[in-house]
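In what follows, a structure is listed as structure tokens, so that the remarks can point back to it.
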Amino acid sequence: MAGRTPLVGRRAELRALLDLVRAPAVVRIDGEAGVGKTRLLAELREQRELRGRRWLCGAGQPLREPLPLAPLIDAVLADEGAPWCADPLLGALVPVLPELGPRLPPGLPPLGDVRAERHRVYRALRTALAAACPAVLVLDDLHWTDDGTADFLHFLAGRLPAGLSVVLAHRPGAPDLPGTRLRLDPLNLCGTAEMLHAMVRERPPAAAAEALLRRTGGVPFAIEEVVRTAVTQGAPWDALDGGLVPDGFAEAIATRLDRLDDVARRVVHAAAVLGAPATAADLLAVAEVPAEAGEAALDAVTGSELREHGGRYGCRHELAEQAVLRTIGPARARRLHRRAAEVLLASAAPPHRRVGDHLRAAGDVGGWLVHAELAADRAVEVGDTGTAVGALRELLTAADDARERSRLALKLGRAALDGVDVGATVTLLRELLATVDLPPSIRGELRADLGLLLLNQASAPEDGYRELELAAADLRGPRPDLAARVMSSLANVHAGHHHIDVHLRWLAEAEALADALTDPRARVAYQVNRVTTLMTRGEPGAAGQAEWILADPPDAETARHHTRGCLNLVDAASWLGHYDQATRFLDRARRLDDVSPYVEEQLQVASVLLDWLSGRWTGLRQRAADLAARQAGLPRIAAECRVIAGALAAEEGDAAAALPLLRAAAGEGPPPVLATARVLVAQLRHQRLVRSAVVRGVDDALGVIRRTGMWVWATEVTPIAVELLSAMDRQADAERVVDEHRAGVAGLDCPAAHAALALADAVLAHERGDLDAADAGYRAAAALTASRPQWHARTLLRHAECLFAAGRDGVPPLRAAERLYSGLGAVVRAERCREVLRAHHALPGPKRGRPGYGDKLSPREREAARLAAAGCTNRQIAAGMGLSVRTVEQHVARALHKLGVDSRRELTAVLGPSG
């Protein structure tokens, strides 16, 4: 029985683990309590293939009080010889690693934001781990860990330093952890017999192995403890009842405790009741024994009944702890729990969750309620949302007073909002609203939280808007201040896909209640919503009313509202065509919050939108695609990035990549994104000559604009819709679109929409054959599109075609369009410009020596002839080939001449069915 039991039944798992750990990797070992995870880790450390690596080891502890990142902190402290770099970022670890204060850079100033602080600590821990490489980070018992540790491990897995392997061990039901999963199952009969043989060093009878498997479930830890206890105490191999603590093992523990003197037994009882490692002083205080006798007893039982680690003492393992608890009578247990609560309360930072649990076990329900809520408050402070929500749920269930239930329900809802699992938070808020009888003021506040969550993060705008409407009805009477804020959210033009008149009515109602907003921060939040609505609408003077948001905020909370407002206004100003204003708001948002990862992502999204609409396209397609992938969990934001990536792919001639991106964006997203994506899909389909899909796509895009009444969002829609409808011989529909657009932007400050209207007017005149009016219209549109290179080039190209059709010189605007398109990377349109220039002898012909086609059809002529034979009009052929109508006319005419036929009808016979 001496020494460590040899590793049994784990050879394949050890080899698989070693193969994974040789290279930088994250591996998680999953198995129930006592299945041998820790033993496997110990064996891994002895493998010669891993010699020369540092071992940074930590473990979760069964503490009920949140200890954020505790296993990581233990691991970083595990190797005193680990090198520390001079990166100033390591100053973020000073509060969590005070033991290393002299070896760390100076501490960093607070950021005033729990999420930002947490992200900075994550980056600092990664830097510290990278400095220790090559290394193996081993974290055991991660079923006893906080959400912060799990979040950090996901962060680390996505940015794993070279030379670092990470091994995580946990029981089923642990927090979501990254890594390749290695499952450890209990031993089968052969494995149980082998382990028994290894421990007793003799071949046991088959019946003994079968009984042991039946009694322990094949869990190696239980096998070892039962066998060791049985052999030491001479206990027979009787069948066990299958509970967590086998009867034979519990009886053996009781026998051993009976042999201890009273003081030693009290010390062991105290350790079991405390349930977590404790200092000697705390342990003896709970045991209520004299210091001198208690210290002697502690020395006597350490190593047999208790274990010591880092100056703290506890039961040897969970089974031993539970077996000891079974030996304590109810009255004695209640007294010990009361003493444990008193001792823990006397510490500098009382662990309120543990204090509450001890008080409840002592029969003091009132005390438990008080400290459980304090524990929940502490969990909220440190960002451990899961612990806070669990504690508040339990308190809410126990509350028997209506007022107390209302208070706790509101607190629970607020705590849940800080969680990372949006779906779980939505479910919880809905459950509270459905099952708890709440007064209107509390119900309305929770509905408001739920509505904003559905609206902004859960991609359920209709459901979110409905919840906000119900919240406004609940809050009108009892909480006019909060009602005003909710109504200002209902005024958000992006919310719910309602008509602008609905949003303006909500804004008017909110303004009627605005005097009730006496809290300065609440008033700032309301003003952000108000000016966002006015700016998004394009109300004259709205930009001037937003100037206050550029001022310095007085505190961190107000700064967050300013940041939100700046991001909203970047979006609004970009769609309106106020690019200089958008840039000012974007720069201010960057200065207001330069560390929060969430805000940094939103800043990048805002920057991508602004660059796309204002024609700064270099490298933009990849930026937008990367952002879309990173924002996949926020569908509305991802849709905005996809429409940009898809639009740019189309301009680069990559229709195969463009169509899936644009179709995805056309299915979900804010209204301007939906409308733009749908019209761009229609444009691509027109180029592929899918007539029915073109008409449907245009109607779908216009339907979004008509439903919202927001023609300021039709900048990308109206000119394309007019071109496509004209190509589909739906001239009356095209004219209706222009009339609606004109009425929809009348009196509004939306330069991009006015420029789009001017271009659409010119296109209509061009399609009617009124070339003089079209000429004047294109000149006016060119002046208005000067700040948008992509639309300026499009206007110049159309103008050139108009001039050529009138028998005038269109080369200068065409050359300007070609330069702009080439600079943007819009290769299809740039080539179209060059085709027309060549047709008008404004570009050099083919290089000397290149063979001509003579009487044979060129590839372009053959393609044009094939489409003409299929019944396509010149306009349809031009759209499909990316050429001007004039160039198509020339290709078809030359094809007819070369083939010696007089009409398109004869082409099919000459070309054959395949062309």
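Computed from a predicted structure; not experimentally measured.
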Between [X] and [Y], is any pair of side-chain heavy atoms under 4.5 Å apart?
{"X": "R332", "Y": "R266", "result": "yes"}
{"X": "D30", "Y": "L184", "result": "no"}
{"X": "P350", "Y": "L344", "result": "no"}
{"X": "Y122", "Y": "D151", "result": "yes"}
{"X": "L336", "Y": "H269", "result": "yes"}
{"X": "L454", "Y": "L450", "result": "yes"}
{"X": "I29", "Y": "V167", "result": "yes"}
{"X": "S441", "Y": "E445", "result": "no"}

Rounded to the nearest 0.5 Å, what separation is found between the [atom1] atom of [X] and the [atom2] atom of [Y]?
{"X": "D357", "Y": "H371", "atom1": "CG", "atom2": "NE2", "result": "11.5 Å"}
{"X": "H170", "Y": "K37", "atom1": "NE2", "atom2": "NZ", "result": "9.0 Å"}
{"X": "L41", "Y": "C57", "atom1": "CG", "atom2": "SG", "result": "8.0 Å"}
{"X": "D299", "Y": "E308", "atom1": "CG", "atom2": "CD", "result": "10.5 Å"}
{"X": "L137", "Y": "L125", "atom1": "CG", "atom2": "CG", "result": "10.0 Å"}
{"X": "E431", "Y": "L433", "atom1": "CD", "atom2": "CG", "result": "10.0 Å"}

Strictly below 4.0 Å, N to O, side chains only: are [X] and [Y] in salt-bridge contact?
{"X": "E288", "Y": "R339", "value": "yes"}
{"X": "R378", "Y": "E373", "value": "no"}
{"X": "R407", "Y": "E404", "value": "yes"}
{"X": "R360", "Y": "D364", "value": "no"}

Matching residue for R443 among D474, D437, D449 - test: salt bridge (charged side-chain N to carboxylate O under 4.0 Å, His left out):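 Only match with R443 under salt bridge (charged side-chain N to carboxylate O under 4.0 Å, His left out): D474.
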Strictly distance-based, threshold 3.5 Å: is any side-chain N or O of [X] a donor or acceptor partner for the main-chain N or O of [Y]?
{"X": "H352", "Y": "D377", "answer": "no"}
{"X": "D140", "Y": "G60", "answer": "no"}
{"X": "T397", "Y": "R393", "answer": "yes"}
{"X": "E117", "Y": "L111", "answer": "yes"}

Give the intermediate values and the outcome of side chain to side chain contact (heavy atoms under 4.5 Å, CB included) for residues Y313 and V267. CA-CA 10 Å; Y313 300 84; V267 170; over 6 Å; no
Carefully, step by step, assess V166 and V27 under the rule side chain to side chain contact (heavy atoms under 4.5 Å, CB included). CA-CA 6 Å; V166 182; V27 187; over 6 Å; no
Angle between ring planes, F155 versus H119, binned at 30° and 60°: parallel, tilted or perpendicular? perpendicular
Could you walk me through whether L257 and V268 pass the side chain to side chain contact (heavy atoms under 4.5 Å, CB included) check? CA-CA 8 Å; L257 289 178; V268 176; 3.6 Å; yes
Kindly give the heavy-atom pair with the smallest separation between [X] and [Y], and that separation in Å.
{"X": "L69", "Y": "G148", "result": "CD2-O, 3.7 Å"}
{"X": "D176", "Y": "A150", "result": "O-CB, 3.7 Å"}
{"X": "A157", "Y": "P178", "result": "CB-CB, 3.7 Å"}
{"X": "A375", "Y": "R353", "result": "CB-N, 3.3 Å"}
{"X": "L260", "Y": "R265", "result": "O-NH1, 2.7 Å"}
{"X": "A376", "Y": "A391", "result": "CB-CB, 4.0 Å"}

Given the rule in the salt bridge (charged side-chain N to carboxylate O under 4.0 Å, His left out) test, do R10 and E43 qualify, once you have shown the distances and angles that lead to the verdict? CA-CA 10 Å; R10 300 292 186 225; E43 196 74 21; over 6 Å; no
Taking atom types as modelled and ignoring hydrogens, do the side chains of D258 and T255 form a donor-acceptor contact shorter than 3.5 angstrom? no
Evaluate whether atom CZ of R335 has more than 12 neighbouring non-hydrogen atoms of other residues, nucleotides or ligands under 6.0 angstrom away.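 Count not over threshold, so no.
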Among T149, V138, D141, find the residue that satisfies the side-chain contact (heavy atoms from CB on, under 4.5 Å) test when tested with P71. T149
Go through the steps to decide whether V286 and L274 satisfy the test side chain to side chain contact (heavy atoms under 4.5 Å, CB included), and finish with yes or no. CA-CA 8 Å; V286 172; L274 279 166; 4.1 Å; yes
